[in-house]
Amino acid sequence: VTDVEELLTEGWRPIPFREFVVKLASRCNLACDYCYIYEMADQSWQSTPVVMAEETIAQLGRRISEHATRHGTESLRVILHGGEPLLAGAARIRQAAAGLRAAVPAGTRLELGIQTNGVLLDAELLGVLSEHQIRVGVSIDGDEVSHDRHRRHRDGRGSFSGTARALRLLAQPSHRELYSGLLCTIDLANDPVGVYEALLDFAPPTVDFLLPHGNWQTPPPGRDPHGTETPYGDWLVAIFDRWYPAPRQETHVRLFEEIINLLLGGASRSEQVGLSPVALIVVDTDGSLQQVDTLKSSYAGAPYTGLNIFDHPLDAALHHPAVVTRQLGLRALGEQCRGCRIVRVCGGGHYAHRYRPGAGFTSPSVYCLDLQRLIDHIGQRLRTDLSKTPVAADVEDSSPAPTYQ
Ligand code: SF4
């Protein structure tokens, strides 16, 4: 367990929260079989309010304002999340957006977003999202067969047609500025390039590929944690080799761009890779404060801080040992990761994927070999390209060792 007092005595200071994942609704209109909220270790959603109440939203606005004022925060991001946040309805979404915008202190920029499966998106909801400049991210796993393999209604019907309809609405010129991108969970059963090209059909500004949640106790599908195969690395490499040399950039792929940025010595903005401190907190529908809720895939109760916005300022969460651990970068990693040649790029992978009973979160990611495969492949492509440039040739002999070795 991280000794926060000792760290503070040493002079370490936490990074204030800049990103808030707000659970506007705790239930979902779909029943995706890989969902970390409903289908994994933690079942606490059953006892939380279905929709965040008006007074909880108002209190959240006060806490965010207090936190931003105290720390002089220049910009904040709030993602309306769920469950399925559109289940909260147009009126509650409008109230949340207007309330949060009004609460943020002058001088602090607020970016609002919503992450949805899109099925409920209609003209009225689009009007509210547009009125309050709420940018929309949509979860979709590829073409109809790929998507409907997991993303189904409770009665077994696939959800692709509803999601595709929403994406066609969003891609219209009148709504295009609201369209932030697509979130695709990887399934090894799907052809990677086929999935990527199916996503391109919806003209996304950005695509984010997510490794399915799993850990050393409950490995992801097709990932033998003790095997030497790299099925997820190979899957992503196939897409990288389709995306990277394309004659014109068809979309941004966040994971690849983060890795390239890290290989070139930059910092990460993603939880999937890199060592940057995590400045994100999750607020549940009852106002309780949680770490990343993907930790629900690890064990029951894993994300809970025991704090809530009615009784505690956000600074209390900033000093919670589990939140602090995710801000410590290299110091929070186990021995194997700390000694790894690509640790500054990989960062031990996603925190939830490191969980191993008995070792907590100090093991390497259960995707360790897949991450090595992908990072090494991207690094090789970059080195090949950079070696062809006159600038790289000039500095080759005198430049310090690159971050990536
Ligand atoms: S998870 Fe594996 S590849 Fe990543 S830093 Fe740890 S040991 Fe290295």
Side-chain angles (χ1 to χ4, degrees), residues 2 36 185-186 188 208-241 253-278 280 291-292 294-295 297-299 302 322 324-383 401-405:
T2 304
Y36 62 83
T185 299
I186 299 169
L188 298 176
D208 212 357
F209 290 104
L210 290 187
L211 291 161
H213 288 298
N215 53 59
W216 292 92
Q217 176 174 253
T218 313
R223 168 75 262 173
D224 172 2
H226 306 293
T228 54
E229 306 281 297
T230 54
Y232 287 92
D234 299 342
W235 201 94
L236 285 162
V237 160
I239 296 181
F240 179 83
D241 285 346
V253 177
R254 191 166 173 227
L255 178 61
F256 300 157
E257 292 182 1
E258 290 288 346
I259 290 174
I260 290 171
N261 191 37
L262 286 159
L263 285 167
L264 296 175
S268 68
R269 290 151 297 173
S270 158
E271 276 204 80
Q272 296 214 73
V273 286
L275 290 167
S276 296
V278 177
L280 174 152
Q291 309 178 62
V292 274
T294 45
L295 286 175
S297 62
S298 307
Y299 58 89
V324 169
T325 300
R326 290 174 45 249
Q327 294 207 345
L328 290 179
L330 198 61
R331 282 177 80 165
L333 297 180
E335 204 178 323
Q336 189 176 335
C337 286
R338 284 202 308 271
C340 174
R341 68 191 163 83
I342 55 170
V343 66
R344 292 192 184 280
V345 180
C346 173
H350 196 294
Y351 189 69
H353 300 163
R354 295 177 212 159
Y355 177 69
R356 188 198 297 250
F361 295 90
T362 57
S363 290
S365 166
V366 71
Y367 288 108
C368 176
L369 294 181
D370 297 285
L371 292 165
Q372 285 184 41
R373 163 89 172 105
L374 178 64
I375 292 166
D376 282 343
H377 182 80
I378 296 178
Q380 189 55 51
R381 287 296 294 254
L382 286 190
R383 275 197 298 275
T403 305
Y404 173 73
Q405 295 145 28

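Atoms considered below: every heavy atom in the structure, side chains included; atoms not considered: hydrogens, waters and symmetry mates. Just follow the structure's listing: the first ligand is 1, and inside any ligand the first atom is 1. Residue numbers count from 1 along this sequence.
With Ser363 as the fixed residue, the side-chain hydrogen bond (donor to acceptor under 3.5 Å, both in side chains) test singles out one of Arg356, Glu335, Arg354, Gln336: Arg356. Each of Leu211, Asp370, Ile239 was scored for a side-chain contact (heavy atoms from CB on, under 4.5 Å) with Ile186, with one residue passing: Leu211.
Ring geometry for His213 against His350 counts as perpendicular: the plane angle is over 60°, on a 0 to 90° scale with 30° as the lower cut. Between Phe361 and Tyr355, the two ring planes are tilted [angle within 30° to 60°]. Ring geometry, Trp216 versus His226: the interplanar angle falls from 30° to 60°, so the pair is classed tilted.
Annotation: protein N, O or S atoms under 2.8 Å of atom 2 (Fe) of ligand 1 (waters excluded) comprise Cys368 SG.
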Which atom pairs, donor and acceptor, lie under 3.5 Å between side-chain atoms of residues 260-268 and protein residues at least two apart or in another chain?
from   : atom 1 : to     : atom 2 : distance (Å)
Asn261 : ND2    : Ala267 : O      : 2.8
Ser268 : OG     : Val273 : O      : 3.2
Ser268 : OG     : Ser276 : OG     : 3.2

